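Presented below is the structure to which this report refers.
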Amino acid sequence: MEPKIKETAWNPEIEKQILKQWEDSHTYEFKPQGEVFVIDTPPPYPSGRPWHIGAAAHYAQIDMIARTARMTGKNVLFPIGIDRNGLPVEMYTEKKHGIRMHETDRAEFLKLCATALDDLEAEMIQIMKNLGLSGNFSEYYRTDSEQYRSLTQATFIELWKKGLVYIANRPNNYDWITGTTIADAEIIYEEIPTKLVYMKFKIKDSDKNLTIASTRPELLCACQAIIVNPEDERHSDVIGKNAIIPVINREVQVRTHPSAEKEFGSGAVMVCSYGDQNDVALFRELKLQEIVAIGKNGRMTEVAGPYAGLKVKQAREKIIEDLQNQNLVEKIENINHRTPISERSKAPIEIIPMEEYYLKQKESVEKIKELGSKIVFHPAMHKQILMNWLESITIDWPISRRRFYGTEIPIWYCKKCSEPHVPEPGKYYKPWTDPSPISKCTKCGATEFVGEERTFDTWMDSSVSPLYVSKYSRDDEFFKKTYPTTIRPQSKDIVRTWLYYTILRCEQLTGLTPWNEAWIMGYGVDEHGTKMSKSKGNVIDPLPVIQKFGADTFRFWSASEINLGYDFRCSEQKIETTKKFLSKLWNISRFLSGFPVIKSAKTTPTDNWILSELDKMVAECKKGFDDYNFFVPSTSIREFTWNLFAAHYIEMVKGRAYSSSFSEEERDAAIFTLHKVLSTLLLLLAPITPFITDYLWQTLYSDKTVHKEKFPQSENREDWTRFTKTITEFNSNVWNKKKELNLSLKDSIEMNIPGELQQFAKDLQAMHNLTS
RNA sequence: GGGUUCAUAGUCCAGUUGGUUAUGACGUCGCCCUUACACGGCGAAGAUCCAGGGUUCAAAUCCCUGUGGACCCA
């Protein structure tokens with residue numbers, strides 16, 4: 001019989017035809033019936049070219065989750081969305097057009113942002129399609145669409161009415177480059193070289209000096225207390241006395257507080273509004289009157305006297321100079337200071353009191369711990385990231401931002417009495433340009449309103465993604481069937497933001513968990529283990545890699561390289577060598593395509609042996625699939641296929657399958673077993689490498705797609721795996737012996753088959769041409 | 001300072017509840033076209049399982065201490 005498969009290698013070009021076939025026959029259409037499985041897909045952010053190869057690997061794996069669920073008979077909702085709100089596109093647009101957002105017409109600026117996003121988004125969608133994602137592309141959503149933003153606004157209005165939103169004037173993390181308040185989660189810390197200035201403070205009514213070391217001398221004008229450690233004997237004599245602030249010449253009291261470290265500087269610390277978070281805590285605890293020394297423009301305010309109007313850095317230089325001129329500096333040390341900076345703009349953040357909207361979260365912490373404890377994490381260890389974060393929440397969530405490209409806060413203020421009003425939920429509101437939907441102030445009865453100009457923190461949008469995909473408030477029946485959703489896949493760096501905020505918001509709105517499972521992935525790093533970044537030049541563009549090697553190769557690499565939850569290395573060379581496995585699978589199939597498919601047969605010991613090994617592997621794969629850890633099935637399938645099935649079994653039964661000196665029954669048993677193993681392998685590999693498996697499945701076994709099939713089950717066969725070691729060792733011995741004697745593999749040789757292997761003797765004799 | 005986590009051949013990685021000679025891949029080096037595959041086959045070299053201590057008849061595996069890295073928090 002002529003082999004059905006002619007080519008000697010898998011051609012990734014075929015992927016395009018298969019993709020079209022899936023699309024034309026709506027292979028992955030979701031029906032909200034039976035057992036449903038809903039994925040809260042992370043909508044990727046098109047922040048620039050190229051898309052991160054680690055992200056592409058991540059989405060390939062999310063698709064494996066979807067396909068795994070389908071192969072266990074579930075109806076899978078795998079939404080595809082694009083996240084389009086937030087700072088990065090604003091910064092990208094500013095740079096691209098050489099403009100400043102706050103100096104540009106708002107409507108004009110928004111248009112430029114949207115255009116920039118469209119281009120980047122198109123490429124992303126193309127990569128996702130090429131990767132073979134079985135998602136719902138026909139209904140892909142954008143977080144800046146009217147429908148999405150109206151949901152964000154509606155959920156805000158709901159929480160507002162529940163009394164969970166308030167305005168407060170509080171010290172805020174402020175990024176003066178981007179001109180906006182930022183949440184704790186957006187702050188990163190960097191070691192920055194800075195001067196630690198030892199300044200001399202005169203003690204009032206005494207000739208004593210107290211030395212205080214600080215990295216922020218420009219905040220002297222905002223100093224309201226000096227603290228020393230109560231156990232620090234060096235300073236016990238000045239406690240309770242007043243010190244005179246150098247240059248400023250104002251008096252402040254010296255107090256004791258345990259947060260003053262004896263080892264740092266001189267042991268005495270000045271408390272200013274606000275040098276760092278510890279200052280904020282001390283002002284609150286000691287009930288000090290705050291002095292606002294730095295303005296929103298990043299310059300010193302009037303209270304700084306001669307330094308008013310200078311930028312923080314300039315003011316620092318100037319005041320150090322003045323201190324030195326007046327002989328008030330003891331010494332200056334150059335140190336590396338761990339400085340909080342804005343994750344986005346990389347500018348040092350300032351702590352400035354500002355009026356912002358807050359969403360209450362402190363009182364939800366216990367409830368979220370309870371929900372969190374019920375969510376199954378894959379891998380389990382990453383639940384700890386959430387729990388640690390919950391432990392450290394101290395303030396409510398500031399949700400307002402002074403930015404343009406985001407969902408507008410739907411509030412109108414009465415022009416007369418400033419009372420805020422929220423409109424009815426369900427529509428998309430743009431208060432900065434829309435006429436007020438409120439006609440009369442509920443407080444004073446006035447009829448003129450002014451719209452809010454600020455937008456929400458982008459996590460306000462992202463945190464309702466499970467509600468959006470399950471059609472919350474849009475389609476009750478659909479929502480009932482799909483919420484809580486099944487699983488949230490995401491990377492581990494945004495557990496404390498996206499994962500946490502989603503649980504918070506969904507709990508506040510529905511009282512339920514957003515999902516039952518969370519699947520947490522590590523980062524993709526380069527081949528040496530360092531983070532990829534544009535500045536280092538070690539970024540790998542996924543598109544050419546996928547075009548060169550094909551999606552299946554990329555996917556199998558992703559599965560076999562990434563151990564769930566751990567960081568993984570990306571190297572083109574590794575991806576290239578993965579291709580060899582697909583080649584192996586292809587050629588095994590090519591060999592089998594020369595034999596008819598036989599549905600049942602009376603198997604021989606050799607057949608029973610490989611079927612028993614197959615059974616064992618199926619059970620192992622199941623464990624991996626159950627945990628959505630594709631490393632487990634991909635590596636065990638590869639090892640079985642290459643090192644047992646191809647290397648030993650196929651070689652052992654080749655003679656029998658070609659039927660030179662065997663009975664018809666024996667021949668059929670070999671052919672039956674060969675097909676049995678291959679078809680099982682194709683089913684197991686279908687979620688990982690959907691293209692090649694579907695092609696081979698349809699060529700060899702069916703006129704229907706493999707992706708409507710179910711996983712094979714372990715058959716609890718009699719265990720023959722105890723022979724594996726002896727068989728492989730015997731084969732190795734023969735090969736070695738022939739090599740020693742300089743014989744070709746087909747030459748005959750005289751060797752004894754060990755007693756244990758007598759039941760396999762006929763196959764072994766034919767395989768090695770034994771004469772004994 | 002606290003937490004999570006990691007440490008196994010030149011490189012990457014496996015090692016389930018402790019049990020003979022530590023898994024596989026990449027790379028390297030030999031030999032080989034053998035009727036599925038040279039994108040292949042066979043073989044070889046390459047590991048003080050981070051260090052020290054403890055538990056045990058027995059430790060890569062469990063416990064303690066330390067060192068080094070990654071990430072998070074303060």
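Quantities reported herein were computed from a predicted structural model and do not represent experimental measurements. Residue numbers begin at 1 in each chain, while the letters A, B, ... track the order of the sequences.
- A:Met652 has its CE atom 18 Å from the P atom of B:G41, to the nearest Å.
- If you take OH of A:Tyr500 and C1' of B:C72, they are 16 Å apart, rounded to a whole angstrom.
- For the P atoms, the distance linking B:U11 with B:U56 amounts to 37 Å, nearest Å.
- By the neighbour-count criterion of 12 heavy atoms within 6.0 Å, atom NZ of A:Lys623 is sparsely surrounded, having that number or fewer from other residues, nucleotides or ligands.
- Across the protein-nucleic acid pair, A:Trp586 atom CH2 and B:G40 atom C1' stand 17 Å apart, rounded to whole Å.
- The closest donor-acceptor contact from the side chain of A:Lys492 to the backbone of A:Ile520 lies at 3.5 Å or more, if one exists at all.
- Nucleotides B:A22 and B:U16 are separated by 15 Å at their C1' atoms, to the nearest Å.
- Using atom C1' as the reference point in both B:C42 and B:C50, the two lie 36 Å apart (nearest Å).
- Stem regions for RNA chain B, each three or more consecutive Watson-Crick or G-U pairs with both distances under 3.5 Å and listed by first number, read B:1-7 with B:67-73, B:10-12 with B:24-26, B:28-32 with B:40-44, B:50-54 with B:62-66.
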Reading nucleotides 20-28 of chain B 5' to 3', which nucleotides get B (base under 4.0 Å from a protein heavy atom), which S (sugar-phosphate only), which -?
---SSSSS-
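- A:Leu499 has its CG atom 16 Å from the P atom of B:C72, to the nearest Å.
- Remark: A:Tyr695 pairs with no residue by the side chain to side chain donor-acceptor pair (under 3.5 Å) rule, at least two apart or across chains.
- Minimum atom distance to the side chain of A:Phe631 is reached by B:C13, of the listed B:A70, B:C13, B:C39.
- B:C31 and B:C71 are spaced 47 Å apart, taking the P atom of each and rounding to whole Å.
- Contact annotation for A:Glu561: backbone-only contact, meaning every heavy-atom pair under 4.0 Å involves sugar-phosphate atoms and none involves a base.
- Atom P of nucleotide B:C37 and atom CD1 of A:Ile692 are separated by 16 Å, given to the nearest angstrom.
- Atom-to-atom, CD of A:Glu729 to P of B:G43 comes out at 11 Å; the value is rounded to the nearest Å.
- Between the C1' atoms of B:G40 and B:U34, the separation comes to 11 Å (whole Å).
- When each of A:Asn736 and A:Ala9 is assigned the nucleotide of RNA chain B bearing its nearest heavy atom, the one mapping closer to the 5' terminus is A:Ala9.
- Summarising the geometry, the separation between CD on A:Glu7 and P on B:C39 is reported as 16 Å, rounded to the nearest angstrom.
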One character per nucleotide, please: for nucleotides 31-36 of chain B, 5' to 3', B when the base has a protein heavy atom closer than 4.0 Å, S when only the sugar-phosphate does, - otherwise.
B--B-B
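- In terms of modelled atom types and a separation under 3.5 Å, the side chain of A:Lys574 and the main chain of A:Trp557 share no donor-acceptor contact.
- Using C1' as the reference atom, B:A38 and B:C6 are 39 Å apart when rounded to the nearest Å.
- With both ends at atom C1', the span from B:G41 to B:U5 equals 41 Å, rounded to whole Å.
- Summarising the geometry, the separation between CG on A:Asp493 and C1' on B:A70 is reported as 13 Å, rounded to the nearest angstrom.
- B:G66 and B:G30 are spaced 49 Å apart, taking the P atom of each and rounding to whole Å.
- Between A:Phe581 and A:Phe556, the ring planes lie parallel to each other; the angle is under 30°, not in the 30° to 60° tilted range.
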Listing time: all N or O pairs from protein to nucleotides 1-8 of chain B that are below 3.5 Å?
| from | atom 1 | to | atom 2 | distance (Å) |
| --- | --- | --- | --- | --- |
| B:G3 | O2' | A:Asn388 | ND2 | 3.1 |

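- Taking the side chain to side chain donor-acceptor pair (under 3.5 Å) definition, one finds that A:Ser491 meets it with A:Asp493, sequence neighbours left out.
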